[in-house]
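Before we start, here is the structure in question, set down as structure tokens.
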Amino acid sequence: MTTYVQMFQQGSKEQKGLLGGKGANLAEMVRLGLPVPPGFTITTEACRWYMTHGSAPQELTAQVDEAMARVERELGRRLGDVEDPLLVAVRSGSKMSMPGMMETVLNVGLNDETVQGLARKSGSPRFAMDSYRRLLQMYGRTVLDVDAALFEDVLEEAKKERGVSSDVELTAEDLTAVVGRFQQIILEQTGYPFPQDPREQLRASIIAVFESWNAPRAVVYRNTERIPHDLGTAVNVCSMVLGNLDDDSASGVAFTRDPATGAIGAHGDFLVNAQGEDVVAGIRNTRSLPELEQLMPAVYTELMDIMHRLEMHYRDLCDVEFTVESGKLWMLQTRVGKRIAEAAFRIATTLVDEGVIDEREALTRVTGAQLTRLLFPRFAADAPREAIARGMDASPGAAVGRIAFTTAEVLRLQRDGESAILVRRETNPDDLEGMIASAGILTSRGGRTSHAAVVARGLGRTAVCGVEAFDVDENAGEIRVGDEVVARAGDILSIDGSTGEVFAGAVPVEPSAVVQSLTGEIDPDVAEADELVASVHRLLEVADRARRMRVRANADTPEDAARARALGAEGIGLVRTEHMFLGDRRHLVEDLVLAADEFERGQVLDSLLPMQREDFVGILRAMDGRSVTVRLLDPPLHEFLPDLTELSVKLARQEAQGVERDAHEEKVLAAVRRLHEQNPMLGLRGVRLALTIPGLYGMQTRAILEAAAKLRSEGLDPRVEIMIPLVSSVRELREIMPEVTAVRDAVCRETGMDLATSIGTMIELPRAALRADELAQEADFFSFGTNDLTQTTWGFSRDDVEAGFFFTYRDRGILLSSPFETLDQFGVGELVRIGAERGRSTKPELKLGICGEHGGDPASIAFFHHVGLDYVSCSPFRVPVARLEAGRAALLEEEFTPQH
Ligand code: PEP
Ligand code: MG
């Protein structure tokens with residue numbers, strides 16, 4: 001029989017897959033002897049069963065009953081006991097944290113009778129009724145799918161009638177009336193009364209948590225965070241401790257260090273006489289942790305002690321949820337806390353300085369995705385700006401956009417190509433889509449731990465929360481300060497998530513200090529004095545020492561090459577030479593196509609030669625002493641020619657107007673017609689082009705080697721490699737190689753220099769990967785072109801799919817991310833692995849690299865390390881990210897598992 005239930009005292013933090021993060025960490029806290037309310041976890045396996053079969057496994061009910069009986073024995077109280085009822089919380093908790101995305105039902109166990117028992121036992125009818133109305137509200141919404149607004153309206157009315165602004169001020173009588181109304185709503189909306197049987201409440205709440213795994217917002221969140229849809233959630237059933245029992249009770253969330261800056265010292269928010277949901281919902285403005293020290297000094301000391309122990313145990317920043325019930329502290333949750341990118345770097349190096357971890361472990365505590373965020377620009381320091389308000393610095397960065405009060409408005413602005421700032425009183429999980437699509441988020445309520453702040457940090461969105469001066473009127477589409485309207489929907493706002501400032505209009509932004517320090521644009525001493533910049537440099541150095549793969553850049557101009565080098569590129573993995581034929585040189589390609597015979601073609605190629613040579617001189621000079629892989633011309637020729645329809649229409653119109661036929665344009669039209677292809681990406685490109693236009697690759701080879709000879713004669717050390725694109729058969733290589741090697745040998749003879757140049761091929765078609773053993777007979781190196789390889793493996797057009805049906809595929813969970821952004825490790829990656837293995841079976845020393853976009857994708861780099869590539873090549877901007885990830889890949893190689 002499968003065991004679907006584990007008591008907290010049976011598990012450990014290693015069991016996140018089975019118990020979910022929350023369950024595993026609760027178990028760990030029990031092992032550490034910390035005060036955790038008794039409870040148990042229903043495993044993710046049960047949820048997966050539920051998802052497959054549409055019902056819970058049969059043995060679950062008996063197992064839950066047994067676990068519940070153990071909790072009852074431990075506490076000496078029983079679920080449904082009318083004198084002294086035990087209440088439980090039913091909480092979700094998956095392997096990966098999905099804050100606020102799934103459901104929770106609190107106070108399960110209350111009914112019309114037990115609520116009286118609770119009132120007597122606690123001595124507070126008000127408290128008992130408040131707990132009951134919360135159960136009805138959560139159960140109604142979550143389990144019974146009743147519209148949440150119906151309950152909220154009743155609560156609002158009750159407050160209005162009593163003339164109060166907060167629900168804490170409602171009396172027991174008010175709440176009794178609210179409870180009556182809530183029960184009526186449930187009866188009206190579902191046709192059934194609220195179930196009085198606590199076991200039934202428990203059973204239905206567990207199912208509702210299973211169901212919430214597939215709630216639309218949870219699916220959207222997993223898509224964004226690339227969390228697999230088949231993990232399922234665990235369900236934690238935990239005896240309730242009551243933060244809303246009296247004024248000696250409280251609930252709060254806290255971090256062992258500041259998750260926004262990394263600064264040492266506990267940090268958090270709490271509310272007296274409240275349940276945990278009130279703190280994170282941002283509905284009431286919270287109090288900060290130091291105030292707890294004054295209000296409840298003993299609790300504060302114990303909490304600090306526990307947090308210190310947790311940080312030492314997990315050897316990292318932890319966050320906790322706690323509740324105080326009549327002066328007694330309980331820990332409801334802990335985990336290694338999420339943090340923003342800046343904080344991640346600072347915390348990692350601070351922990352090294354504190355002797356908690358070593359430098360190599362510190363490197364594993366930061367990610368390329370986090371480093372990417374530090375490469376974003378900030379508001380220009382000296383730009384004029386008009387601060388109109390200030391809130392909390394909830395998620396850093398600088399965002400400028402038009403004010404949108406709803407997700408729909410954000411999406412409309414996005415469609416019009418405008419960036420949006422989502423402005424809300426407070427956000428809730430249903431705002432997720434708008435938060436993803438916005439440039440930044442502003443709320444007038446709630447603090448750094450509010451929903452808006454937590455989600456924004458996770459998404460890497462700038463956010464300013466708790467701008468209390470703002471009266472956000474979503475219905476009127478206005479923001480008011482007092483009686484004055486300060487902004488309306490559509491107005492431009494700038495928000496600084498690092499300072500909490502809000503500015504009217506657009507404030508200019510400037511580049512990141514990390515980028516500037518890496519490129520040497522700011523004085524190294526000034527850079528080192530910046531704690532964050534120093535942390536990034538330090539961990540990049542650790543990565544450089546740890547990594548096996550080299551990092552090169554894709555660059556086509558001397559400027560890009562120089563920038564890439566400054567950012568740490570050890571060479572160029574891809575010079576796309578077609579970029580040198582754009583602009584005013586475009587007509588030369590036209591001439592090449594129109595050349596009547598070999599002689600004319602030769603003349604055009606001769607005229608291209610000096611220009612190409614100068615191009616290569618510039619790039620090789622910028623990368624002196626480091627390898628530069630030049631790829632010979634790749635794209636279809638028609639890209640350089642006028643559009644067929646446009647040209648035909650133009651000529652037809654001229655003819656209709658009696659204008660004399662232009663012979664040149666007629667010739668161009670004929671050529672365009674001849675070269676027209678229905679699927680140019682699968683057409684006359686790469687080596688196919690070279691085999692059709694003899695002399696083209698020869699000319700490029702000559703230009704490359706003459707450039708190298710020129711630099712050599714200046715005493716420099718140019719290192720070129722020549723690469724043939726879009727090869728699928730070794731016969732293509734055998735046909736084209738003589739043209740390239742003959743020119744190479746000729747230039748060596750003419751210059752008297754040994755310009756030893758390796759000649760390799762791209763592996764960017766499935767056939768090339770499959771026949772790599774043969775290709776390696778001719779090629780000195782391989783570079784995987786994963787852009788084309790993805791296109792041809794999936795049969796997705798790389799130019800269209802991301803704007804087309806990709807979203808449908810993502811929403812249906814067929815794809816978690818675009819395969820053009822993150823490598824499809826099981827499909828395209830398998831071809832890379834096969835290509836590498838087969839190539840090296842012929843030539844064990846074969847040099848292998850990747851120059852498709854995936855070379856700079858933080859989520860793909862470990863895979864390239866795993867299959868044994870020698871280098872990744874990526875856009876200059878991503879070079880630091882690739883260095884960091886290549887270092888992490890080397891340190892974490894034992895833990896590598898391919899990712900979907
Ligand atoms: C590739 O296909 O991955 C590649 C690098 O070449 P391009 O993007 O120029 O087609
Ligand atoms: Mg390609």
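These values consider heavy atoms only, across backbone and side chains, with no hydrogens, waters or symmetry-generated copies. Ligands are counted one by one from 1 in listed order, and the atoms in each one are counted from 1 as well.
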**Prompt:** In terms of atom number and element, which parts of ligand 1 are under 4.0 angstrom from non-hydrogen atoms of Gly785?
**Reply:**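 In order of number, 1 (C), 2 (O), 3 (O).
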
**Request:** Among Val628, Thr741, Ile704, find the residue that satisfies the side-chain contact (heavy atoms from CB on, under 4.5 Å) test when tested with Ile722.
**Result:**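 In the set Val628, Thr741, Ile704, the residue that makes a side-chain contact (heavy atoms from CB on, under 4.5 Å) with Ile722 is Ile704.
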
**Message:** Pairing donors with acceptors under 3.5 angstrom, does anything connect the side chains of Arg550 and Ser627?
**Reply:**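 There is no such pair (donor and acceptor under 3.5 Å, judged by atom type) between the side chains of Arg550 and Ser627.
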
**Asked** Side chains of Asp788 and Gln791: is there a donor and an acceptor less than 3.5 Å apart?
**Response**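 Side-chain D/A pair, Asp788 to Gln791: present.
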
**Request:** Inspect the contact between Glu774 and Arg838 and indicate whether a charged nitrogen and a carboxylate oxygen are less than 4.0 angstrom apart.
**Result:**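 Salt bridge flag = no for Glu774 with Arg838.
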
**Prompt:** How close does the nearest protein non-hydrogen atom get to atom 6 (O) of ligand 1, and which residue and atom is it?
**Reply:**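 Answer for atom 6 (O) of ligand 1: Arg631 NH1, 2.9 Å.
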
**Request:** Identify, by atom number and element, the atoms of ligand 1 in contact range of Arg685, meaning under 4.0 Å from any of its heavy atoms.
**Result:**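 Those atoms are 10 (O).
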
**Prompt:** Heavy atom under 4.0 Å from ligand 1: found in Thr786's side chain, backbone, both, or neither?
**Reply:**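 The backbone, only.
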
**Asked** Which angle, to the nearest 10 degrees, do you find at the Mg ion (ligand 2) between OD2 in Asp788 and OE1 in Glu764?
**Response**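 The two atoms form an angle at the metal of about 100°.
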
**Item:** Atoms in ligand 1 with a heavy atom of Cys851 nearer than 4.0 Å
**Value:**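 Matching atoms, with element in brackets: 5 (C).
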
**Item:** Check ion pair Glu853-Arg878 (N to O, under 4.0 angstrom)
**Value:**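 A salt bridge is present here (some side-chain N lies under 4.0 Å from a carboxylate O).
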
**Message:** Within the 4.0 Å heavy-atom shell around Leu574, which atoms of ligand 1 are there?
**Reply:**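 Listed by number with element, the hits are 5 (C).
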
**Shortest reach to atom 7 (P) of ligand 1 by a heavy atom, considering only Arg576, Glu578, Gln791** =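 Minimum heavy-atom distance to atom 7 (P) of ligand 1 goes to Arg576.
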
**Arg731 atom CZ, neighbour heavy-atom count above 12 within 6.0 Å** =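 No, the 6.0 Å shell around CZ holds no more than 12 heavy atoms from other groups.
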
**Request:** Determine whether the side chain, the backbone, both or neither of Glu853 has a heavy atom under 4.0 Å from any heavy atom of ligand 1.
**Result:**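 Answer for Glu853: neither.
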
**Request:** Quick one: closest heavy-atom pair of Thr577 and Gln612, and the distance?
**Result:**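 Shortest heavy-atom separation between Thr577 and Gln612 comes out as O-NE2, 4.5 Å.
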
